[in-house]
J.: 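Below is a structure I'd like to ask you about.
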There are 2 protein chains.
Amino acid sequence: MSDVSRLAGVSKMTVSRVLADPELVSEATRTRVMKAIDQLGYVPDRIAGSLSSRRTNFVTAILPTLTNANFADTAQGLAGALRAADYQLLIGYTMYSLKEEELIVRAMLARRPDAIVIAGTVHTKAANEMLLRAGIPIVEIWDVPEHPIDHAVGFSNYEVGRLAARHLISLGHRRIAALGSRIDGDAMDLRGEARLQGFAAVLREAGIADDLVIREGSAPVSYDHGARTLATLLQRAPDVEAVFAVSDISAVGALMECHRRGIKVPEALSLIGFGDFDIARQCVPAISTIRVDAAMIGRKTGELLLSILERDNASAPITQSRIDIGFDLLIRETTAPREPG
Amino acid sequence: MSDVSRLAGVSKMTVSRVLADPELVSEATRTRVMKAIDQLGYVPDRIAGSLSSRRTNFVTAILPTLTNANFADTAQGLAGALRAADYQLLIGYTMYSLKEEELIVRAMLARRPDAIVIAGTVHTKAANEMLLRAGIPIVEIWDVPEHPIDHAVGFSNYEVGRLAARHLISLGHRRIAALGSRIDGDAMDLRGEARLQGFAAVLREAGIADDLVIREGSAPVSYDHGARTLATLLQRAPDVEAVFAVSDISAVGALMECHRRGIKVPEALSLIGFGDFDIARQCVPAISTIRVDAAMIGRKTGELLLSILERDNASAPITQSRIDIGFDLLIRETTAPREPG
DNA sequence: CTGAAAGCGCTTACAG
DNA sequence: CTGAAAGCGCTTACAG
């Protein structure tokens with residue numbers, strides 16, 4: 001910047017102004033400075049800028065994994081919404097471990113983000129405290145907790161599970177199963193577990209045993225998980241009529257396993273997933289699922305943050321937001337009424 | 001930090017040392033400082049640290065998209081390799097647009113990363129110049145250019161295409177097609193195009209017409225792309241015997257379209273994809289593909305960068321690396337010898 | 001083993 | 001419309 005100011009024959013202050021508020025500088029000076037910038041290939045140092053302005057334009061996003069289409073969509077939606085306002089996403093992934101999440105929160109805080117977006121509503125005590133004390137907007141996403149740390153953008157995973165169960169019951173099925181992952185290890189999918197809980201609750205309310213709610217393997221689930229867990233299920237209950245998989249990924253794996261075993265879907269087995277992954281729609285037969293707009297979670301979160309971070313009137317009250325984007329039941333080809341017999 | 005030093009009754013210098021080189025501080029002082037840090041919940045400001053040390057511990061990764069399992073694997077592999085050494089990834093996605101890539105390179109440079117990882121070997125002139133002048137290690141990934149800007153970690157997409165063609169020809173097929181995306185728009189998949197080029201070259205070398213190399217839609221490809229493009233292909237050449245899709249994603253879409261139309265794979269049509277996405281293995285029938293270890297590209301890139309950035313002897317010569325991780329042909333169930341008739 | 005001084009490259013808050 | 005001074009919170013490079 002000194003080089004630029006010297007070449008243009010102005011103060012550093014003026015160079016800074018040309019970059020930040022060009023309209024405050026006379027046109028003659030401005031073009032002179034711009035020319036110098038071009039000539040030197042000067043790229044301003046935002047690290048230095050961040051330090052003096054006390055704003056980094058970093059937003060941290062802490063997600064379970066990058067390799068899940070839903071979270072990738074959320075990250076891309078968030079990054080897209082923030083990019084226009086020149087924010088850079090700092091992505092961390094926890095591998096579904098709360099312990100890892102805590103480490104990431106601490107490491108991220110040292111980068112002084114202007115806001116933190118974090119998947120989930122359950123954190124370690126230390127992570128919770130750090131987030132509370134951070135003094136920046138915090139948005140918990142992918143669920144809608146009763147009492148968020150600060151803001152929340154998501155939907156009720158518990159209600160997703162309930163809806164899945166109601167759908168299968170409404171089709172006349174009585175021997176109903178669910179496929180999820182275990183939550184006794186270091187890596188656990190708490191949102192998947194919430195869906196399982198809601199599912200089991202509706203089963204019990206309908207007087208149906210919830211003994212076929214299977215938790216196998218650790219998060220994240222995979223196509224293999226779906227295939228393997230379906231095999232476990234069939235061994236345990238050959239008479240099973242309908243299955244809910246906590247993720248479309250598992251649902252696809254389960255469907256493929258049915259194909260391999262010659263089990264007709266939906267005639268012999270109804271199957272519903274969650275997430276509306278592209279692949280669920282493409283499968284033959286197309287998989288019924290509960291859709292949640294993952295990219296929209298990212299976009300809404302981004303818009304919420306911009307409205308907080310970029311508001312002109314710094315003294316305007318910030319109302320704590322809790323945005324429920326809801327979900328939709330998509331009945332496709334893998335769920336059908338119980339066939340007598 | 002001043003607060004900590006005051007509370008511990010030492011200079012800021014000593015606090016800084018406790019954090020950076022604890023062994024240089026006497027145990028008594030160290031524990032006193034640690035206690036003060038804990039008590040105040042002090043998290044050092046790495047922005048300030050970066051400015052004075054001239055190292056940010058940021059590594060920029062510029063990828064086409066976050067929502068592709070292969071690139072997500074690479075990003076995760078890279079982040080994982082760098083995390084141990086306390087580097088934070090700055091991810092940008094170009095949506096397959098070189099113009100967008102240039103904007104991202106410029107924006108990223110302002111964050112003063114210690115290195116830049118960028119997918120692809122073709123960039124705009126301005127982006128190329130900025131990268132060349134950046135004065136930091138640059139790693140081009142997902143291809144192995146003859147003359148990289150600096151380093152490269154990848155494999156030959158052209159050779160992947162050649163291998164796919166050789167495989168289909170070796171099965172006795174003569175009416176052979178390929179499914180890719182167009183490269184005349186703003187968004188273009190140049191690596192997919194390289195695979196197509198290699199594929200077409202082998203076809204011609206074998207005296208086979210390359211008129212069925214179809215480029216439809218713009219990058220990125222999707223399941224839908226595979227389904228739609230297969231439909232186009234069948235209309236154009238109902239007698240087609242074998243198909244190469246530039247991505248497993250397209251291959252899966254094409255396979256599902258075959259299912260819908262009652263076309264038997266591989267009896268009536270052989271199909272091979274690229275990328276070894278999880279879904280390709282799970283499909284029924286399992287899709288033959290050419291495997292590339294996307295996560296390894298990330299890991300190898302991370303290791304390469306660490307060896308450059310963390311080497312003790314700053315004067316040791318850095319030899320320009322060009323790492324070819326290769327690829328494997330995975331013959332599964334969708335490619336079979338031509339059936340007479 | 002510990003510390004005082006200088007400085008990293010910007011922006012803030014003035015002043016004129 | 002432009003600029004001189006101070007300072008953001010650390011680390012570097014000394015010195016003792």
Side-chain angles (χ1 to χ4, degrees), chain A residues 1-34 36-37 40-58 86 88 107 109-114 134-136 309-310 314, chain B residues 1-34 36-37 40-58 86 88 107-114 134-136 309 314:
Chain A
M1 181 147 135
S2 305
D3 297 342
V4 175
S5 68
R6 208 172 307 120
L7 182 59
V10 297
S11 72
K12 293 192 289 178
M13 194 51 251
T14 301
V15 177
S16 175
R17 250 190 297 255
V18 168
L19 263 14
D21 296 292
E23 66 282 1
L24 295 183
V25 181
S26 76
E27 193 175 330
T29 323
R30 199 192 316 152
T31 52
R32 202 142 36 85
V33 171
M34 293 296 263
I37 287 175
L40 296 171
Y42 167 71
V43 179
D45 185 335
R46 298 255 250 144
I47 297 293
S50 297
L51 181 59
S52 58
S53 70
R54 317 271 53 221
R55 289 181 109 244
T56 56
N57 272 41
F58 280 131
D86 210 27
Q88 169 66 40
L109 250 16
R111 302 293 193 174
R112 296 296 190 265
D114 294 336
I136 53 177
L309 297 171
E310 307 276 291
Chain B
M1 182 148 135
S2 305
D3 297 341
V4 175
S5 69
R6 208 172 306 122
L7 183 59
V10 297
S11 72
K12 293 193 288 179
M13 194 52 251
T14 301
V15 176
S16 174
R17 249 189 298 255
V18 167
L19 262 13
D21 295 293
E23 66 281 1
L24 294 183
V25 180
S26 76
E27 193 176 327
T29 323
R30 198 192 316 152
T31 50
R32 201 144 33 88
V33 172
M34 294 296 263
I37 288 175
L40 296 171
Y42 167 71
V43 179
D45 185 335
R46 298 254 250 144
I47 297 294
S50 296
L51 181 59
S52 58
S53 69
R54 316 271 55 220
R55 290 181 107 245
T56 56
N57 272 40
F58 281 131
D86 211 26
Q88 169 67 41
M108 288 294 189
L109 249 17
R111 302 293 193 173
R112 297 294 189 267
D114 294 336
I136 52 177
L309 297 171

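Chain letters run A, B, ... following the sequence lines, proteins first and then strands; every chain starts at 1.
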J.: Applying salt bridge (charged side-chain N to carboxylate O under 4.0 Å, His left out), name anything that partners B/Arg32, two or more places apart in sequence or on another chain.
T.: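 Testing B/Arg32 for salt bridge (charged side-chain N to carboxylate O under 4.0 Å, His left out), a comparison that skips the adjacent residues, returns none.
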
J.: Please answer whether the main-chain N or O of B/Pro22 pairs with a side-chain N or O of B/Arg30 as donor and acceptor at a distance below 3.5 Å.
T.: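 Pair found, side chain donor or acceptor close to backbone of B/Pro22.
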
J.: One pair to check against side-chain contact (heavy atoms from CB on, under 4.5 Å): A/Val25 and A/Val33. What are the steps and the verdict?
T.: CA-CA 10 Å; A/Val25 181; A/Val33 171; 6.0 Å; no

J.: Please identify the 5'-most and 3'-most nucleotides of DNA chain D with any atom under 4.0 angstrom from a heavy atom of chain A.
T.: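 Contact boundaries, 5' end first: D/dC1 to D/dG9.
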
J.: Distance under 6.0 Å and angle within 45° of the ring axis: does A/Arg46 meet both against A/Phe58?
T.: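 Cation-pi check for A/Arg46 and A/Phe58: fails.
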
J.: With respect to B/Ile37, which candidate in B/Leu19, B/Leu7, B/Val43 satisfies the side-chain contact (heavy atoms from CB on, under 4.5 Å) definition?
T.: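 When side-chain contact (heavy atoms from CB on, under 4.5 Å) is applied between B/Ile37 and each of B/Leu19, B/Leu7, B/Val43, only B/Leu19 qualifies.
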
J.: Does anything in residues 2-15 of chain A come within less than 4.0 Å of DNA chain D? Heavy atoms only, and list the residues if so.
T.: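 Residues of residues 2-15 of chain A that come under 4.0 Å of DNA chain D are, in numerical order, A/Val10, A/Ser11, A/Met13, A/Thr14.
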
J.: Under the side-chain hydrogen bond (donor to acceptor under 3.5 Å, both in side chains) definition, can you give me all pairs with a residue in residues 15-27 of chain B, not counting sequence neighbours?
T.: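 side-chain hydrogen bond (donor to acceptor under 3.5 Å, both in side chains) check on residues 15-27 of chain B returns B/Ser26-B/Thr29.
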
J.: Let me confirm one number: the CG-CG distance from B/Leu51 to B/Asp45, rounded to the nearest 0.5 Å.
T.: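 Rounded to the nearest 0.5 Å, the CG-CG separation comes out at 10.0 Å.
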
J.: Just how far is it from atom CD1 of B/Ile47 to atom CZ of A/Arg55, taken to the nearest 0.5 Å?
T.: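 Interatomic distance, B/Ile47 CD1 to A/Arg55 CZ, rounded to 0.5 Å: 13.0 Å.
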
J.: So, do A/Asp114 and A/Ile136 sit near enough that their side-chain heavy atoms are less than 4.5 Å apart?
T.: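 Counting from C-beta outward, A/Asp114 and A/Ile136 never come under 4.5 Å.
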
J.: As a check on the pairing definition, encode DNA chain C in dot-bracket form, counting Watson-Crick and G-U wobble pairs whose two distances are under 3.5 Å, and using | for partners outside this strand.
T.: |||.||||||||.|||

J.: So, the side chain of B/Arg112 versus the backbone of A/Ala48: is there a donor-acceptor pair under 3.5 Å, distance only?
T.: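 Side chain of B/Arg112 to backbone of A/Ala48, a donor-acceptor pair under 3.5 Å: no, none is there.
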
J.: So A/Ser2 and A/Ser5, side-chain hydrogen bond (donor to acceptor under 3.5 Å, both in side chains) or not? Walk me through it.
T.: CA-CA 5 Å; A/Ser2 305; A/Ser5 68; 5.3 Å; no

J.: Toward the 5' end of DNA chain C, which comes first, A/Val43 or B/Ser26, by nearest nucleotide?
T.: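 Result of the comparison: B/Ser26.
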
J.: With a 4.0 Å cut-off on heavy atoms, is B/Arg46 in touch with a base, just the backbone sugar-phosphate, or nothing at all?
T.: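 If one applies the 4.0 Å heavy-atom cut-off, B/Arg46 turns out to touch nothing in the nucleic acid.
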
J.: Is there a donor-acceptor pair closer than 3.5 Å between any side-chain N or O of B/Arg111 and the backbone N or O of B/Thr56?
T.: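 Absent.
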
J.: Could you check which residues of residues 48-57 of chain B get a heavy atom under 4.0 Å from DNA chain C? Sort them by number, please.
T.: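 Those residues whose heavy atoms fall under 4.0 Å from DNA chain C, taken from residues 48-57 of chain B in numerical order, are B/Leu51, B/Ser52, B/Arg54.
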
